[in-house]
Amino acid sequence: MKMNYLSQFANTLHQILHQELDLSTIELLIEKPKNADFGDYAFPCFQLAKSRRQAPPLIAKKISEEISSPLIEKAEAVGGYVNVFLTKKTVTQKVLSTILTGKQHYGSSTIGQNKVVTIDMSSPNIAKPFSMGHLRSTVIGNALAKIFQKCGYETVKINHLGDWGTQFGKLITAYKKWGDEKKVKKEPIKELLSLYIQFHSEAEGNPSLEDEGRAWFKKLEDGDAEALALWSWFREESLKEFNKIYQLLQVDFNSFAGEAFYNDKMDVVVNLLEEQGLLMESNQAQVVDLQDESLPPCLIKKSDGATLYATRDLAAALYRKNNYQFEQALYVVGNEQSLHFKQLKGVLRKMNFDWADSLVHVPFGMMLKDGKKMSTRKGKLILLEEVLSESISLASRNIEEKNPSLTQKEVVAKQVGVGAVIFHDLKNFRMNDIEFSLEDMLRFEGETGPYIQYTNARACSILRKGNWNGSDGTQINFESPAHWEIISLLKEFSDIIQTSLKKYDPSQIAKYAIDLARAFNQYYSVVRILEDNHELQARLALVYCVTVVLQESLRLLGIEAPQEM
RNA sequence: GUGCCUUUAGCUCAGCUGGAUAGAGCGACAGCCUCCUAAGCUGUAGGUCGGAAGUUCGAAUCUUCUAAGGCACGCCA
């Protein structure tokens, strides 16, 4: 049975109010006061005041006198509000025993049972370094996958590698003109990137280079042996480097089917569009008109017959629908591509696919440098690998300074350093642009990943020392407001997970984890947990429950939780 | 020019299905380790919620207008 204290309060009100308001309206009206003095839930009476034509405080007083429920300790009227205080003993007992039984499954649900969600994420471009921008897609997608799994969904994480497109024509052109095989073998990404940059700077004074690049891409699409050989070499070298980063981040994929994978699947799409009379010619190119969706036309084939991004994404959408039967298909891709996804859905709707609207673009703001977008072509970018290694070495220095006797220092430094970077990315709402700041990213104090990890590690340490015997929290001292704050947060966990699922927003969980960690740290500073009295085991039960939920929150964000640090 | 996003404390951001004195962290200043990991805790200072009008008993939150910044607008992805 699902516990939900808010809806139980709503039920109680519903009975008191008879038919005046329906249950769902009441649930919507109930709020959580920001101030603890106002209790755990509050019901504003202003709407009733209108229909009853009575003063709100009068109504509040009347309702508060009628409230009677074993879960409610006290109800008082303040202004036009009915403020309700939950029965701390009962609720504490219920919350703790639920967590004690459920352990890491606490907060799980089955709403996604037998449903598949595909997640298009990470998707770095071959022959380019893994930049900070790709980090966002990777960690947001990874967290969403874990959140969906927690809710019973089956997830398919797809790394839609940018391994096809005109850029490879450009790269081949550049390599053939200025490339050096030995150099590329030695430092593939660096060398390929500098060739790519050189191409663009030379092309500024020599536009015919662009045509050459396009021509090489056409050759690639037509199966030219030399082009293909170079392409697969570039791809292989790049993947090796990406895998190093994925290993560090502990992110894995169910599929690496990138753009090239769809090469032989695009004719079907183009034919389908043709059959349905959706394709029209415009300046020698083939487009689907989307005027009735008030969108610019979607380009399907270039004037030279080569395909485009949209063509491949259409093929990919069809393939994924057939192959995975998804209920939702998420695309964790930057905000700047929102038009593309609108067009994609528009075309699918025109093709009469009723599942067109189950494609969900999960956009995110971009990583800015000096207030501007970072550009690969101009070589203005920050390498994730460097950021991660700096973060890890900072964590390492911290360990030497604060806990030099720690065992497995290297493992923990990695967990903390990487955790800091991931958390920094996930703690804010994804649509916000982020101005790149190494200083912010490598901060380990305050609202950071290490803060939560540290809180958990301290709690774990207490459990080790206290010899917790597994008993529940029935003996706990209810007079401490610090304790109640923890319980109050613990009981919200599953609601938080639901919200972050609905909004595709991992930051909800990150913020929750901060709140819970803070509540625990306050408790820790006020109450001596290991004090040997009759409540010791009960306090340990509370501490244990905190570690369960903190660890689970971190896990959902893709961050590890060391037992010691 | 059109569309989308953003604008809340010095900085980074919560709060946004309308509700009670607008909250954190960082930075600044002042405290707390004879006691469970000080990567912690406590306190002080700091706000015309970009601006204007409207809807409402009530607006940071909804609507319209407007300003600033960012991004995107067919042969890149």
Side-chain angles (χ1 to χ4, degrees), chain A residues 28-29 31 33-35 37-38 42 44-47 49-50 56 78-81 83 123 125 162 164-167 170 210 213-214 217 259 282-287 294-304 306-310 312-313 333-340 342-343 363 365-366 368 371-373 377 395 398-399 401-403 406 416 420 424 427-429 431-435 437 439-440 443-455 457-466 507 511 514-515 517-518 520-522 524-531 543 564-565:
Chain A
L28 240 55
L29 280 171
E31 49 193 278
K34 350 183 175 178
N35 193 326
D37 296 344
F38 293 144
C45 301
F46 305 98
Q47 225 172 76
K50 227 173 168 182
V78 180
Y81 291 87
N83 292 336
S123 313
N125 294 322
W164 206 248
T166 315
Q167 49 174 333
K170 294 176 180 177
E210 299 271 357
R214 274 191 283 270
F217 177 56
E259 297 187 48
S282 162
N283 298 329
Q284 279 95 54
Q286 299 290 315
V287 305
S294 16
L295 292 170
C298 182
L299 215 58
I300 301 295
K301 269 192 166 183
K302 298 200 272 192
S303 44
D304 65 1
T307 59
L308 285 142
Y309 185 48
R312 286 187 283 281
D313 258 0
V333 178
N335 186 28
E336 68 267 29
Q337 289 190 38
S338 58
L339 177 60
H340 165 73
K342 279 183 197 160
Q343 291 179 311
M366 56 185 76
L368 302 175
K372 297 275 177 203
K373 188 183 178 180
R377 284 171 315 193
N398 271 295
I399 291 168
E401 184 190 318
K402 296 166 199 284
N403 195 359
L406 182 69
V416 173
H424 177 262
K427 75 172 170 186
N428 292 328
F429 181 55
M431 283 304 285
N432 297 344
D433 286 344
I434 298 180
E435 171 67 29
S437 156
E439 199 191 332
D440 280 357
R443 185 162 280 144
F444 291 179
E445 285 157 23
E447 297 172 332
T448 65
Y451 172 79
I452 296 164
Q453 290 173 319
Y454 175 72
T455 307
R458 280 213 298 198
C460 287
S461 162
I462 289 176
L463 289 176
R464 281 191 300 273
K465 288 182 181 159
S507 78
K511 282 162 201 149
I514 290 173
D515 289 341
R518 189 170 18 238
F520 179 75
N521 283 326
Q522 282 164 355
Y524 180 98
S525 70
V526 171
V527 177
R528 177 147 177 93
I529 297 163
L530 288 177
E531 176 99 353
V543 173
E564 291 176 69
M565 66 185 265

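Naming convention: chains lettered A, B, ... in sequence-line order (proteins, then strands); numbering from 1 in each chain.
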Tell me: [atom1] of [X] to [atom2] of [N], nearest whole Å?
X	N	atom1	atom2	answer
A/Y524	B/rC41	OH	C1'	10 Å
A/R518	B/rU42	CZ	C1'	14 Å
A/Q167	B/rC75	CD	C1'	15 Å
A/E445	B/rC41	CD	C1'	13 Å
A/L339	B/rC4	CG	C1'	9 Å
A/Q522	B/rU42	CD	P	4 Å
A/E439	B/rC13	CD	P	14 Å

With rounding to the closest Å, how many angstrom separate the [atom1] atoms on [N] and [M]?
N	M	atom1	answer
B/rG31	B/rG69	C1'	41 Å
B/rA9	B/rC5	C1'	24 Å
B/rA24	B/rG51	C1'	27 Å
B/rG74	B/rG70	C1'	23 Å
B/rC11	B/rC33	C1'	30 Å
B/rU63	B/rC71	P	26 Å

Could you tell me whether [X] contacts a base, only the sugar-phosphate backbone, or nothing, with contacts defined as non-hydrogen atoms closer than 4.0 Å?
X	answer
A/P363	nothing
A/Q284	nothing
A/S282	base
A/V527	base
A/G165	sugar-phosphate
A/M565	base
A/N283	base
A/E564	base
A/V526	nothing
A/A42	base

Ring stacking, A/F429 with base of B/rA14, under 5.5 Å and under 30°?
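Ring-base stacking flag not set for A/F429 and B/rA14.
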Using OP1 and OP2 only, check whether a side-chain N or O of [X] sits under 4.0 Å from [N].
X	N	value
A/K302	B/rC76	yes
A/Y451	B/rC41	yes
A/Y309	B/rC75	no
A/K34	B/rA20	yes
A/K402	B/rA39	yes
A/T166	B/rC76	yes
A/N521	B/rG40	no
A/K50	B/rC57	yes

Could you check whether atom CD of A/E210 has more than 12 heavy atoms from other residues, nucleotides or ligands sitting under 6.0 Å from it?
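Atom CD in A/E210 is packed in, count exceeds 12.
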Would you confirm whether A/D433, through its side chain, and A/M366, through its main-chain N or O, come within 3.5 Å as a donor-acceptor pair?
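Flag set: sc A/D433 to bb A/M366 pair under 3.5 Å.
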Okay, side chain of A/K465, backbone of A/L530: is any donor-acceptor separation there less than 3.5 Å?
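No; zero donor-acceptor contacts below 3.5 Å.
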Can you confirm whether A/D440 sits close enough to A/E435 that some side-chain heavy atom of one is under 4.5 Å from a side-chain heavy atom of the other?
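Not touching, per the 4.5 Å side-chain cut-off.
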hbond_proxy [X] side chain to [N] base (donor-acceptor, 3.5 Å cutoff):
X	N	result
A/N83	B/rA20	yes
A/N432	B/rU12	no
A/S338	B/rC4	no

Between A/F217 and A/K342, just flag the one whose closest nucleotide in RNA chain B comes earlier from the 5' side.
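Nearest nucleotide further toward 5': that of A/K342.
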5'-most contact on RNA chain B: A/I434 or A/D37, nearest heavy atom basis?
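Result: A/I434.
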A/E259, A/K302, A/R312 screened by side chain to side chain donor-acceptor pair (under 3.5 Å) with A/T307, the one that passes
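Single side chain to side chain donor-acceptor pair (under 3.5 Å) partner of A/T307 among A/E259, A/K302, A/R312: A/R312.
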Chi class for B/rC16: syn within 90° of 0, otherwise anti:
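Judged by the O4'-C1' to base torsion, B/rC16 sits in anti, the angle falling more than 90° away from 0.
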Between A/S507 and A/K511, is there a side-chain donor-acceptor contact under 3.5 Å, judged purely by atom types and distance?
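Yes.
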